[in-house]
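The structure appears below as structure tokens.
We number each residue from 1, following the sequence as shown. Indexing begins at 1, ligand by ligand and atom by atom, following the structure's order.
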Amino acid sequence: MSEMKYKVVTSKSTHGKGDAGRTGSWRVERPMIDLGKCTPAKKEKMVCHLCWLYCPDAVVTKEIEPKIDLEYCKGCGICAEECPTKAIKMVEERELAEKGEK
Ligand code: SF4
Ligand code: SF4
């Protein structure tokens, strides 16, 4: 029996931090990570990182303690939606400004 080989051609776009400009200025809500609920931080293992995977602006680091570059985070909230442990909370920038937090 002869073996059939398939060649699959797909389109792919790759994104990078800052490709859409300084998107941090668009932000109305800021994602804040509670490391006490974040699986890699709790287990000290390179696991999960769904926030890194799903962030459309590639601004979350893939580290034991994930970090978000607020210069480019547009506050879309996808990371908070995808986080399986609900470790990411979206907080209003206005609320943070009133508390004097940068
Ligand atoms: S998705 Fe949530 S639990 Fe997973 S690495 Fe990100 S913050 Fe941590
Ligand atoms: S809110 Fe989360 S998913 Fe959206 S740009 Fe910021 S870090 Fe990325």
Side-chain angles (χ1 to χ4, degrees):
M1 197 167 102
S2 65
E3 186 181 316
M4 290 185 71
K5 291 193 177 171
Y6 296 95
K7 185 177 178 184
V8 179
V9 180
T10 62
S11 63
K12 179 185 168 195
S13 69
T14 52
H15 61 292
K17 187 165 81 174
D19 280 354
R22 281 212 144 72
T23 41
S25 62
W26 302 359
R27 203 174 51 249
V28 176
E29 289 184 324
R30 185 188 304 184
M32 300 191 80
I33 303 175
D34 178 349
L35 294 175
K37 291 183 183 171
C38 172
T39 311
K42 269 171 52 182
K43 297 188 183 257
E44 296 190 358
K45 280 187 182 163
M46 291 295 282
V47 292
C48 187
H49 295 111
L50 291 178
C51 48
W52 165 82
L53 182 67
Y54 283 102
C55 175
D57 286 318
V59 300
V60 187
T61 61
K62 192 178 184 184
E63 297 175 288
I64 292 287
E65 293 186 2
K67 291 177 192 66
I68 297 170
D69 187 338
L70 294 174
E71 190 84 9
Y72 299 98
C73 163
K74 64 188 172 200
C76 66
I78 292 174
C79 54
E81 279 293 318
E82 296 299 333
C83 176
T85 62
K86 301 288 171 218
I88 305 177
K89 189 177 159 199
M90 299 302 291
V91 182
E92 278 195 27
E93 285 290 342
R94 188 175 46 92
E95 199 182 301
L96 294 167
E98 281 167 7
K99 287 181 189 165
E101 287 183 40
K102 284 189 179 177

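- Contacts with ligand 2 closer than 4.0 Å are made by no heavy atom of Thr23, backbone or side chain.
- Near Cys55, meaning under 4.0 Å from one of its heavy atoms, ligand 2 places the atoms 3 (S), 5 (S), 7 (S), 8 (Fe).
- Taking atom 4 (Fe) of ligand 2 as the reference point, the nearest protein heavy-atom neighbour is Cys76 SG, 2.3 Å.
- The closest donor-acceptor contact from the side chain of Arg27 to the backbone of Cys73 lies under 3.5 Å.
- The proximity of Pro40 to ligand 1, defined as any non-hydrogen pair under 4.0 Å, is limited to the side chain.
- Of all atoms in ligand 2, numbered sequentially from 1 with element shown, those under 4.0 Å from a heavy atom of Ile68 are 7 (S).
- Ligand 2 is never approached by Ala80 to a heavy-atom distance shorter than 4.0 Å.
- Atom CD of Glu82 sits about 10.0 Å away from atom SG of Cys48, to the nearest 0.5 Å.
- Counting only heavy atoms from C-beta outward, the side chains of Lys62 and Met46 approach each other to under 4.5 Å.
- The heavy-atom pair separating Glu65 from Ala41 by the smallest distance is CG-CB, 4.2 Å.
- Looking from atom 5 (S) of ligand 2 to the surrounding protein, the closest heavy atom is Lys74 N, 3.6 Å.
- The hydrophobic cluster containing Ile88 does not contain Val28, counting ILVMFWY residues as joined when their side-chain heavy atoms lie under 4.5 angstrom apart, directly or transitively.
- The cationic atom of Lys74 (NZ for Lys, CZ for Arg) does not lie both less than 6.0 Å from the six-membered ring centre of Trp26 and within 45° of the ring axis.
- Each of the atoms 3 (S) of ligand 2 lies under 4.0 Å from some heavy atom of Pro56.
- The protein heavy-atom contact nearest to atom 6 (Fe) of ligand 2 is Cys73 SG, 2.3 Å.
- Of the possible donor and acceptor atoms, none in the side chain of Arg30 sits under 3.5 Å from a partner among the backbone N and O of Leu70.
- Shown are the protein N/O/S atoms under 2.8 Å from atom 2 (Fe) of ligand 1, given by residue and atom: Cys83 SG.
- Interface of Val59 with ligand 2, defined as ligand atoms under 4.0 Å from a residue heavy atom, comprises 7 (S), 8 (Fe).
- Closest approach of Asp57 and Tyr72 over heavy atoms only: OD2-O, 4.1 Å.
- Close contacts of ligand 2 with Val60, meaning ligand atoms under 4.0 Å from a residue heavy atom, involve 7 (S).
- For ligand 2 and Gly75, the ligand atoms under 4.0 Å from any heavy atom of the residue are 1 (S), 6 (Fe).
- Put simply, the side chain of Cys55 does not reach to within 4.5 Å of the side chain of Cys79, judged on heavy atoms.
- Following chains of ILVMFWY side-chain contacts shorter than 4.5 Å, one can reach Leu50 starting from Ile78, so the two form part of one hydrophobic cluster.
- In this structure, Val91 and Glu101 have side chains that are not in contact, with every pair of non-hydrogen atoms separated by 4.5 Å or more.
- Residues meeting the salt bridge (charged side-chain N to carboxylate O under 4.0 Å, His left out) test with Arg22, sequence neighbours left out: Glu71.
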